[in-house]
S.K.: 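The structure is given below, and queries will be raised subsequently.
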Amino acid sequence: MSGSALYETFARVPLAFERGEGSWLITETGERYLDFAGGIAVNSLGHSHPHLVAALTEQAAKLWHVSNLYQIPGQSRLGERLAETSFADRVFFTNSGAEALECAIKTARRYQYVNGHPERFRVITFEGAFHGRTLATIAAGGQAKYLEGFGPKVEGFDQVAFDDIDAAEKLIGPETAAILLEPVQGEGGIRPFPTQSLKRLRQLCDKHGLLLIFDEVQCGVGRTGKLYAYEWAGVSPDLMAIAKGIGGGFPVGACLATEEAAKGMTAGVHGTTFGGNPLAMAVGNAVLDVLLEEGFLEEVSRKALLMKQGLAAVADEFPDVISEIRGTGLMLGVKCTMPNTKVNMALRDQKLLAVPAGENVLRLLPPLTTTDAEIQEALARIRAGAASLSKAAANGG
Ligand SMILES: *Cc1c(COP(=O)(O)O)cnc(C)c1O
């Protein structure tokens, strides 16, 4: 149980869960935690969703893996469904978010290459971004703490301050291929780009022949109350990475592209062993079955409002603990007045799970299937946690 053979890369909490039911995680000793961390926006339909369990076990009894040497009907079907419900025409499946980003970056570079611009390979990104932990995606994210000690930063990523569209425009040069951003930064602290900024970036890309890449690994797949966060702004990208929520807990990612953007990705130029395998595709299709049900996303928005209003009331009551509530849909951020890790621990004491993020924010990413009663329960626990912190602070400690 000590996990001593594992890399020490994660500062793990001394908690192990044995099973999950909807919005709840249950420890080996039977303690129940309300899971508003959702595996960091992964468990989009909660734990042990019957439709997902059935899809996975049915597929598991038939076929696990064949490789992309053969037709995979579930993959063709999920690809078509993702295309039909988005801006995209083409899809490449991966196992993770970072790989979906790698595919998007490669697709953008390749697009410029086949258009006769091999010199255009640079990508403009924004401070506070998180795009994954591969060598290229840490360079794209640009965070010093993730780059340190891993050798020369992968060439071709230029960063500007969050939402500084003027700076992005100035940085566009003869080598620029694309602009990459999360419409709502997750790790960065639940920071949405204003609609106006997304519109300007679209215009800049069109004007300069660049591709606009959205990283919706965290904010996509229903999280904000639309299938994709970009829909709120009415601004479509040329390329988009998704992952987390589309697998509902099974590792799946995808790079979505317009026909034009994907035109350089011809036979043999890119590949994957595991990406799009039958198990992952069965689950991805099952997640979409639920998300695309009539009224499901409207329900997400309705519940999100309930949650956000309740959080605002707690923030009003305890300004010495919480200074601000941010976010859209069930991707909410509680900006803390005291260290977010301290607030996170106080909530854990109340058996409510959340996730810290940048800018001293605590993220609440409940399953999209969470109920009104669970939201009320979470709010009661957050209030209790805030009250205990507020009291402790008033007593000098
Ligand atoms: C989690 C995340 C990634 C990386 O996904 P992995 O599956 O961990 O590789 C990339 N971008 C965003 C916005 C994320 O939240």
Side-chain angles (χ1 to χ4, degrees), residues 7 9-10 12 37-44 92-108 123 125-143 145-147 150 154 157 159 162-163 178-193 198 212-224 228-230 237 239-256 272 274-277 280 283-284 287 326-333 354-359 361-366 368:
Y7 270 34
T9 46
F10 298 105
R12 293 176 202 271
I40 319 187
V42 166
N43 299 102
S44 48
F92 184 93
F93 287 104
T94 66
N95 312 289
S96 67
E99 284 173 284
L101 263 306
E102 288 272 344
C103 179
I105 295 162
K106 285 181 73 175
T107 304
V123 178
T125 68
F126 293 87
E127 257 170 43
F130 182 76
H131 299 301
R133 298 296 200 109
T134 62
L135 289 168
T137 56
I138 56 174
Q143 296 212 38
K145 65 179 176 187
Y146 296 148
L147 285 159
F150 294 114
V154 168
F157 298 93
Q159 198 160 63
F162 178 76
D163 194 31
I179 299 177
L180 162 63
L181 65 149
E182 304 155 72
V184 185
Q185 284 191 349
E187 279 261 327
I190 312 292
R191 289 201 292 181
F193 277 82
L198 297 178
L212 183 60
I213 310 174
F214 285 165
D215 176 350
E216 292 221 16
V217 168
Q218 192 162 151
C219 63
V221 198
R223 188 48 55 192
T224 66
Y228 298 109
Y230 73 77
L239 290 163
M240 178 168 75
I242 62 170
K244 296 198 164 101
I246 187 64
F250 200 92
V252 194
C255 174
L256 280 63
T272 171
F274 293 120
N277 100 353
V283 180
V287 168
R326 24 166 106 165
T328 332
L330 290 173
M331 183 176 186
L332 294 169
V355 208
E359 293 213 310
V361 163
L362 202 57
R363 276 175 285 181
L364 295 165
L365 306 159
L368 306 181

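One-based numbering, in listed order, for ligands and for the atoms of each.
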S.K.: So which protein heavy atom does atom 9 (O) of ligand 1 come closest to, and at what separation?
M.R.: A98 N, 2.8 Å

S.K.: If we ignore hydrogens and angles and just use 3.5 Å, is the side chain of E99 paired with the main-chain N or O of N95 as donor and acceptor?
M.R.: yes

S.K.: Any donor-acceptor pair under 3.5 Å linking the side chain of Q143 with the backbone of A129?
M.R.: yes

S.K.: Would you tell me which option among E182, E99, K244, H131 has the nearest heavy-atom contact to atom 10 (C) of ligand 1?
M.R.: H131

S.K.: If you have a sec, work out which protein heavy atom is nearest atom 11 (N) of ligand 1 and how many Å separate them, to one decimal?
M.R.: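 The protein heavy atom lying closest is D215 OD2, 2.7 Å.
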
S.K.: So is L101 polar-close to ligand 1, meaning N/O to N/O under 3.5 Å?
M.R.: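 Among all N and O atoms of L101, none is under 3.5 Å from an N or O of ligand 1.
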
S.K.: For ligand 1, which atoms, with element, lie under 4.0 Å from some heavy atom of G132?
M.R.: 4 (C), 10 (C)

S.K.: Where is the nearest protein heavy atom to atom 7 (O) of ligand 1: which residue, which atom, and how far?
M.R.: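 Minimum-distance protein heavy atom for atom 7 (O) of ligand 1 reads G97 N, 2.8 Å.
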
S.K.: Short question: side chain of E102, backbone of K106 - any donor-acceptor pair under 3.5 Å?
M.R.: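 The answer is no, because no donor-acceptor pair under 3.5 Å joins these two groups.
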
S.K.: Between E216 (side chain only) and V221 (backbone N and O only), is there a donor and an acceptor less than 3.5 Å apart?
M.R.: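 No; judged by distance alone, with no hydrogens or angles, the pair does not exist.
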
S.K.: Quick check on contacts: which atoms of ligand 1 are under 4.0 angstrom from a heavy atom of F130?
M.R.: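 Answer, ordered by atom number: 1 (C), 2 (C), 3 (C), 4 (C), 10 (C), 11 (N), 12 (C), 13 (C), 14 (C).
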
S.K.: With heavy-atom distances below 4.0 Å as the criterion, list the atoms of ligand 1 near Q218.
M.R.: 15 (O)

S.K.: Name the orientation class of the two ring planes belonging to F130 and Y146 (parallel below 30°, tilted from 30 to 60°, perpendicular beyond 60°).
M.R.: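 Rings of F130 and Y146: perpendicular, as their planes differ by over 60°.
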
S.K.: Mind checking whether S96 contacts ligand 1 via backbone (N, CA, C, O), side chain (CB onward), both or neither, at a 4.0 Å heavy-atom cut-off?
M.R.: both

S.K.: Do Q159 side-chain atoms and G141 backbone N/O form a donor-acceptor pair below 3.5 Å?
M.R.: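 Side chain of Q159 to backbone of G141: a pair is present.
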
S.K.: Students often mix this up, so state it plainly: with edges at 30° and 60°, are the rings of F126 and F193 parallel, tilted or perpendicular?
M.R.: perpendicular

